Amino acid sequence: MGVSLEQARKDRAAPVPTAGSQGMNLPFEIQPAASPTSEKERAARLVDPGFGRIFTDHMAIVRYNQAKGWHGARVESRANFPLDPATAVLHYAQEIFEGLKAYKRDDGGVNLFRPDANARRFRNSAERMAMAPVPEPVFIEAVEQLVRLDRAWMPGGEGSLYLRPFMIASEVFLGVKPSAEYIFAVIASPVGSYFKGGPAPVSIWVSENYTRAAVGGTGAVKCGGNYAASLRAQAEAIDHGCDQVVFLDAIERRYIEELGGMNVFFAFDDGSLLTPPLGTILPGITRDSIIALAKDSGTHVREEAYTIEQWRADAASGKLKEAFACGTAAVISPIGKVCSASGDFLISGGAAGPVAMGMRKKLVDIQYGRAADPHNWIRKVL
Ligand SMILES: Cc1ncc(COP(=O)(O)O)c(C=O)c1O
């Protein structure tokens with residue numbers, strides 16, 4: 001890369017950033033947009049928002065450098081970031097993100113679902129990527145302040161406000177080392193119901209050419225690079241007429257890991273549930289919530305490795321009753337069909353089953369405040 005050995009050594013010896021002592025309770029300066037979207041225009045955009053295409057008027061933003069730690073916390077008008085072409089993130093992909101939703105209750109208030117779990121996962125992602133961890137209270141405050149300021153953008157009915165916290169390495173420097181500067185920001189996007197007319201079973205393509213993560217890699221964290229590397233496999237799924245890709249483990253190429261953006265569960269004829277163990281997969285908050293709710297109702301849940309051959313055999317014998325994918329965006333998607341180079345098979349006749357649908361309702365009812373919240377997962381923002 002044209003740097004002297006001495007300089008390269010110095011760069012690599014750069015410290016991994018830490019949160020800094022000033023990070024814990026940052027006051028956010030709130031600067032409402034001078035000319036926000038008109039009520040008429042907002043209403044028009046909310047008619048059919050789709051996913052991730054329209055955005056609210058504001059963003060939360062906090063900056064980090066080694067001298068000041070986390071500082072300059074603001075919620076302000078949503079705007080472009082001016083980025084020097086040598087900004088570190090543009091070259092070495094030191095970037096992480098999160099995804100969570102705010103839900104409108106029937107009484108007009110707004111719920112967040114387990115934002116503390118997103119804050120914790122964001123910190124873990126930062127640590128894995130040698131980035132400055134955002135203190136969890138700062139993460140939660142940024143999300144809450146943005147939701148409060150942009151409350152007019154909360155869709156009603158089965159819609160929600162999707163929140164996207166993210167962090168980029170913003171130091172202007174081409175050396176390969178942990179950046180000394182970061183921008184943490186949160187943007188918000190109103191989204192409609194993921195499935196119009198109820199959850200439709202998805203078909204999935206088993207990726208035999210590409211893997212997502214190996215032991216010691218970054219599979220368990222939410223860094224942008226994981227998603228860039230998954231796109232080719234997802235395109236292969238689409239080419240084979242499937243909705244989503246499912247990845248196998250990187251060593252034996254047999255064990256089911258997860259979909260491109262969702263975890264996976266299997267429901268058996270003895271009433272038990274199985275989900276692949278943590279390690280190289282993203283520790284999904286929906287996954288964790290499903291395990292807790294299933295255990296509450298006495299269901300035996302196994303976090304165990306499961307091979308693609310066993311999946312095929314159990315679907316054929318009838319031992320496997322259902323399979324479903326789960327994540328924040330869709331909550332639960334029944335899996336109706338599995339396709340691979342060695343042939344296709346159906347699950348529960350290709351239809352949505354009662355375990356997936358029952359679990360989906362339980363979760364959604366808690367999220368919208370329609371059911372009791374035995375695990376204290378809901379944080380009322382408004
Ligand atoms: C790779 C991957 N797995 C699983 C999930 C599900 O995680 P969560 O339930 O926290 O949304 C996601 C979505 O964030 C994901 O991107």
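Keep in mind that this is a model prediction, so the values were computed, not measured. In each ligand, atom 1 is the first atom listed, and ligand 1 is the first ligand listed. The residues of the chain are indexed from 1 along the displayed sequence.
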Query raised in the report: Are the side chains of K321 and F268 in touch, meaning some heavy atoms are under 4.5 Å apart?
Result: no

Query - Per atom 13 (C) of ligand 1, closest listed option by heavy atom (A329, G327, G261) - result: G261

Query - ligand 1 contact on M262 by region, counting heavy-atom pairs under 4.0 Å - result: backbone

Query raised in the report: CG/L248 to OG1/T211 distance, rounded to the nearest 0.5 angstrom?
Result: 9.5 Å

Report summary line: The closest protein heavy-atom partner of atom 14 (O) of ligand 1 is K222 NZ, 2.7 Å

**Report entry** Ligand-side contact atoms (ligand 1) for residue partner E258, heavy atom cut-off under 4.0 Å
**Finding:** 1 (C), 2 (C), 3 (N), 4 (C)

Query raised in the report: Taking the six-membered ring for Trp, are F266 and Y306 ring centroids under 6.0 Å apart?
Result: yes

Query raised in the report: Is a salt bridge present between R253 and E208, judged by a nitrogen-to-oxygen distance below 4.0 Å?
Result: no

Query raised in the report: So does E309 have more than 12 non-hydrogen atoms from other groups sitting under 6.0 Å from CD?
Result: yes

Query raised in the report: Going by the order shown, which atoms of ligand 1 are within less than 4.0 Å of some heavy atom of G284?
Result: 7 (O), 8 (P), 9 (O), 10 (O)

Report summary line: Per-atom filter on ligand 1: closer than 4.0 angstrom to a heavy atom of Y227 are 1 (C), 2 (C), 15 (C), 16 (O)

Query raised in the report: Between F122 and F139, what is the ring plane arrangement, given parallel below 30°, perpendicular above 60°, and tilted in between?
Result: tilted

Query raised in the report: Any N or O on R212 sitting closer than 3.5 Å to an N or O of ligand 1?
Result: no

